[in-house]
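Okay, so here's the structure we're looking at.
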Amino acid sequence: MSYSKEDILKMAEEENVRFVRLQFTDLLGTIKNVEIPVSQLKKAVDNKMMFDGSSIEGYVRIEESDMYLYPDLDTWVIFPWVAEDRIARLICDIYMPDGTPFAGDPRGILKRNLKEAEEMGFTSMMVGPEPEFFLFKTDEKGNPTTELNDQGGYFDLSPMDLGENCRREIVLTLEEMGFEVEASHHEVAPGQHEIDFKYEDAIKAADQIQTFKLVVKTIAREHGLHATFMPKPLFGVNGSGMHCHQSLFINDENAFYDESDELGLSKTARHYMAGVLKHARAFAAITNPTVNSYKRLVPGYEAPCYVAWSGSNRSPMIRIPASRGLSTRVEVRNPDPAANPYLALSVMLKAGLDGIKNETKLPAPIDRNIYVMSEEERIEEGIPSLPSNLKEALNELIRSEVITSALGDHALAYFYELKEIEWDMFRTQVHQWERDQYMTLY
């Protein structure tokens, strides 16, 4: 829905809203907010609310800390789980004191890349995300344990799926907040779940991913559970992905559809896919941004670790779902839910646009199960692997002019520095596996 300032002030009064959270996202994808009493709402919707940007990861130095929150009025929503002294939310863009957009704002970065698509004639990027998550039991203090809440499997029902009631309440809450939920089910691994919501334009889709994470964690906590979007919380079972269905539109026409093509794919779609495949290793550090992300991208657990595409085969990185017409889209399967959605969509879009600009040739589809192919067969077919760890991914990122330009100098410098620190902390830590393997052997 589209709201005016007057609409919001009126709704806040009618619904007894007492506090408003001005929400934004840091470079690592963590939701941040400045909570204000409703008496300050008029000041906020007039873009006059200031905050200290030097306290936010990847923002600015202490000597240039003043920044402004510009609320997107269409993101107004009242949290359903607070009955009294109600709390509302507005998602904000970050601006500098001189009125220019802040270069390190992830939402602003996505807007900048969408502007490039618009200049090429594409009026919108449509995205349908599929974020997966695990539910773990909590201890008597409310801290997460490693004990799963059920032993269910793919599409199982209760009593095997003990997360059913929690998942149902998550769906009802999302619908109350304006989501159009399309499906909800137990995933492959015990304790793993997926809730799919209708595709939206890229900005709204990224906003919805962030809201979705907040709702899932909030409702899970009310059920005595801990929800995690960690890509691979358990060894030996499937990890959590965030497949991103995406297409480009020119007004109301899907630029990815061509009914005369054998697969119903336009040249635009093919060049877009070619660009995504070409730059996949370079953008992995953004779509799969943690040390843990690469524990998911291994053969045997349905996660794509090979850079290829297919019309149906689920082992490559890109799959083409069966729907055609307005629903023609490419499903990029390697992103995981730890990714900052604004940055992840930015780099995938930038890669696809580069493919369109340069009319990059799409390689032949791989319709075999890549997981059972030997390394020699993969080399012969020209199928690269995604990076095997975060350090390798960072090295690929920093070498790519296309992907680094999608982020911009400010975001790239801070993101790279933060992730280098993360890798170094992991690299120098002594893990339990090492003690189990070597303590008595040597």
With no hydrogens and no angle check, is any side-chain donor or acceptor of [X] less than 3.5 Å from a backbone partner on [Y]?
X      : Y      : result
Arg329 : Pro321 : no
Gln192 : Gly239 : yes
Ser327 : Ser323 : no
Arg112 : Leu407 : yes
Lys278 : Met273 : no
Glu176 : Thr173 : no
Asn292 : Lys232 : yes
Thr428 : Asp424 : yes
Asn254 : Leu326 : yes
Asn251 : Glu253 : no

### Task
Using distance alone, with no hydrogens and no angle criterion, decide if Thr100 and Asp98 have a side-chain donor and acceptor under 3.5 Å apart.
yes
### Query
Do you see a donor-acceptor pair shorter than 3.5 Å between the side chains of Glu392 and Tyr294?
no
### Task
Check the pair Leu343, Leu27 against side chain to side chain contact (heavy atoms under 4.5 Å, CB included), reporting the backbone distance first and the verdict last.
CA-CA 8 Å; Leu343 298 185; Leu27 268 184; 4.0 Å; yes
### Message
Show, in sequence, the C-alpha distance, side-chain angles and deciding distance for Arg167 and Glu194, and conclude whether the salt bridge (Lys or Arg N to Asp or Glu O under 4.0 Å) test is met.
### Response
CA-CA 9 Å; Arg167 201 172 62 234; Glu194 180 179 318; over 6 Å; no
Crowding at [atom1], [X] (>12 non-hydrogen neighbours, <6.0 Å):
X      : atom1 : result
Glu259 : CD    : no
Asp252 : CG    : no
Arg18  : CZ    : no
Asp409 : CG    : no

Would you say the ring centroid of [X] lies under 6.0 angstrom from that of [Y]?
X      : Y      : result
Phe24  : Phe51  : yes
Phe197 : Phe212 : yes
His193 : Phe133 : yes

### Task
State, with a plain yes or no, whether a side-chain heavy atom of Glu132 is found less than 4.5 Å away from one of Phe229.
no
### Message
Under the criterion side chain to side chain contact (heavy atoms under 4.5 Å, CB included), I'd like the reasoning laid out for Tyr95 against Asp105: C-alpha separation, chi angles, the key distance, then a yes or no.
### Response
CA-CA 8 Å; Tyr95 277 72; Asp105 174 22; over 6 Å; no
How far apart are the closest heavy atoms of [X] and [Y], and which atoms are they?
X      : Y      : value
Ala282 : Ser400 : CB-CB, 3.5 Å
Thr290 : Ala338 : CG2-CB, 3.9 Å
Ser310 : Pro316 : CB-CG, 3.8 Å

### Task
Among Thr211, Leu214, Leu22, find the one that has a side chain to side chain contact (heavy atoms under 4.5 Å, CB included) with Arg89.
Thr211
Look at [X] together with [Y] and state whether they make a salt bridge at an N to O cut-off of under 4.0 Å.
X      : Y      : result
Lys267 : Asp258 : no
Arg107 : Asp72  : yes
Asp354 : Lys350 : no
Lys111 : Asp93  : yes
Glu422 : Arg427 : no

### Query
Parallel, tilted or perpendicular: which fits the ring planes of Phe102 and His410, with parallel below 30° and perpendicular above 60°?
perpendicular
### Task
Classify the ring geometry between Trp423 and Phe426 as parallel (under 30°), tilted (30 to 60°) or perpendicular (over 60°).
tilted
### Task
Pick out which of Asp336, Asn334, Asn288 makes a side chain to side chain donor-acceptor pair (under 3.5 Å) with Ser293.
Asp336
### Task
Before giving the answer on side-chain hydrogen bond (donor to acceptor under 3.5 Å, both in side chains), spell out for Glu331 and His243 the whole-Å C-alpha distance, their side-chain angles and the decisive distance to 0.1 Å.
CA-CA 6 Å; Glu331 178 188 4; His243 303 166; 3.0 Å; yes
### Task
Apply salt bridge (Lys or Arg N to Asp or Glu O under 4.0 Å) to the pair Lys198 and Glu182, showing each step before the final yes or no.
CA-CA 6 Å; Lys198 188 179 179 181; Glu182 295 189 329; over 6 Å; no
